[in-house]
Amino acid sequence: MFGFIITKRGISKILLLAVLLIVLLSLVIFKASNKADTVSLQPATDTLERIAFIENMGYKVNREIAEESKEIEIPYVFNDIYKQYQQIQQKAGYDLEKYAGSKATLYTYNLVYENRTDVYAHLLVVDEKIIGGDISALSAENGFINPLA
């Protein structure tokens, strides 16, 4: 017959190991569940809030040109273009993968920007919160796409 004799020192080691295992699992679970945006999602319930958000970043919205909006769906599986766009979002602290499969509204605002008329702010909004976007100009000669920052 086999028997185990557990000493106080053995119990202490087992308890310490159990506590360390619980802490490690908690960190893994927290990190996985906290795959959320690293920025605080800004409210975007109306045009004024969205314009204020853009202007707080230092841009000036051309208020003579009305905002445009359209409904989009963020795909479940990102193609190469969405993967590149996701990288831009991550630079600003956003994570579109969290919203894969969600319906979103894409708001577009023309900006007053260095005597150009082709620069736009795009805001992606889900549940009246900004989840991403970009500042871009799609000119063939001097176009760009920058993260919201």
Side-chain angles (χ1 to χ4, degrees), residues 10-149:
I11 291 173
S12 295
K13 286 181 180 179
I14 291 171
L15 287 175
L16 180 61
L17 184 62
V19 168
L20 289 174
L21 186 59
I22 290 170
V23 169
L24 181 63
L25 284 172
S26 297
L27 286 172
V28 168
I29 291 169
F30 176 76
K31 187 125 177 137
S33 67
N34 198 24
K35 194 179 176 184
D37 304 305
T38 57
V39 294
S40 175
L41 298 181
Q42 298 294 313
T45 56
D46 60 32
T47 301
L48 292 178
E49 283 184 339
R50 291 185 292 273
I51 288 175
F53 174 80
I54 294 165
E55 292 186 342
N56 283 338
M57 290 186 295
Y59 298 100
K60 181 167 177 32
V61 173
N62 182 351
R63 295 175 190 241
E64 294 177 13
I65 299 176
E67 77 177 7
E68 294 180 19
S69 67
K70 68 178 179 178
E71 298 299 313
I72 66 164
E73 185 172 329
I74 299 169
Y76 283 105
V77 178
F78 287 7
N79 61 20
D80 288 341
I81 292 171
Y82 258 93
K83 287 177 185 174
Q84 291 173 359
Y85 197 64
Q86 168 71 347
Q87 290 175 346
I88 291 168
Q89 299 312 302
Q90 290 173 328
K91 288 179 184 177
Y94 296 102
D95 183 5
L96 295 183
E97 286 181 342
K98 179 180 174 187
Y99 301 95
S102 298
K103 294 196 183 304
T105 304
L106 175 65
Y107 292 96
T108 301
Y109 298 89
N110 182 253
L111 301 179
V112 176
Y113 186 87
E114 300 176 0
N115 297 323
R116 293 179 66 166
T117 59
D118 66 335
V119 179
Y120 296 90
H122 301 101
L123 302 179
L124 284 167
V125 176
V126 171
D127 295 330
E128 297 184 337
K129 295 207 183 313
I130 298 168
I131 64 157
D134 65 82
I135 305 296
S136 60
L138 301 179
S139 166
E141 292 178 13
N142 53 1
F144 62 86
I145 183 165
N146 294 326
L148 294 174

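If you're wondering where the values come from, they're calculated on a predicted model, not measured in any experiment. These numbers come from the heavy atoms of this one structure, side chains and all, not from hydrogens, waters or symmetry mates.
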How long is the straight-line distance from NZ of K60 back to OH of Y113, given to the nearest 0.5 Å?
15.5 Å
How long is the gap from CD on E68 to OH on Y120, to the nearest 0.5 Å?
7.5 Å
L124 vs I72, side chain to side chain contact (heavy atoms under 4.5 Å, CB included): CA-CA, chis, key distance, verdict:
CA-CA 9 Å; L124 284 167; I72 66 164; 3.3 Å; yes
When rounded to the nearest 0.5 Å, the distance separating CG of L41 from OH of Y94 is 7.0 Å
So that I can tick it off, tell me whether D118 and R116 are bridged by a salt bridge, with the cut-off set at under 4.0 angstrom between side-chain N and carboxylate O.
yes
Could you pull out the closest heavy-atom pair between I130 and P43, with the gap in Å?
CD1-O, 4.4 Å
Measure the CD-CZ distance between E55 and R63 for me, rounded to the nearest 0.5 Å.
4.5 Å
Tell me which one of I51, D46, T47 satisfies side chain to side chain contact (heavy atoms under 4.5 Å, CB included) with E49.
D46
For a 4.5 angstrom cut-off between non-hydrogen side-chain atoms, does V119 reach Y59?
no
Q89 to G132 - nearest heavy-atom pair and separation:
OE1-CA, 3.1 Å
Do L148 and F53 come within less than 4.5 Å of each other through their side chains, counting heavy atoms only?
yes
What distance do L123 atom CG and K129 atom NZ have between them, rounded to the nearest 0.5 Å?
14.5 Å
Spacing of K70 atom NZ and T105 atom OG1 [to the nearest 0.5 Å]
11.5 Å
Any chance the side chains of Q86 and D95 put a donor and an acceptor closer than 3.5 Å?
yes
For the pair Y82 and Y85, name the ring-plane relationship: parallel under 30°, tilted 30 to 60°, perpendicular over 60°.
perpendicular
If you define the side chain from C-beta out and look only at heavy atoms, does anything of V61 sit under 4.5 Å from L111?
yes
In terms of heavy-atom contacts, V125 and I131 come closest through N-CG1, 4.5 Å
Non-hydrogen side-chain atoms of F144 and I135 separated by less than 4.5 Å
yes
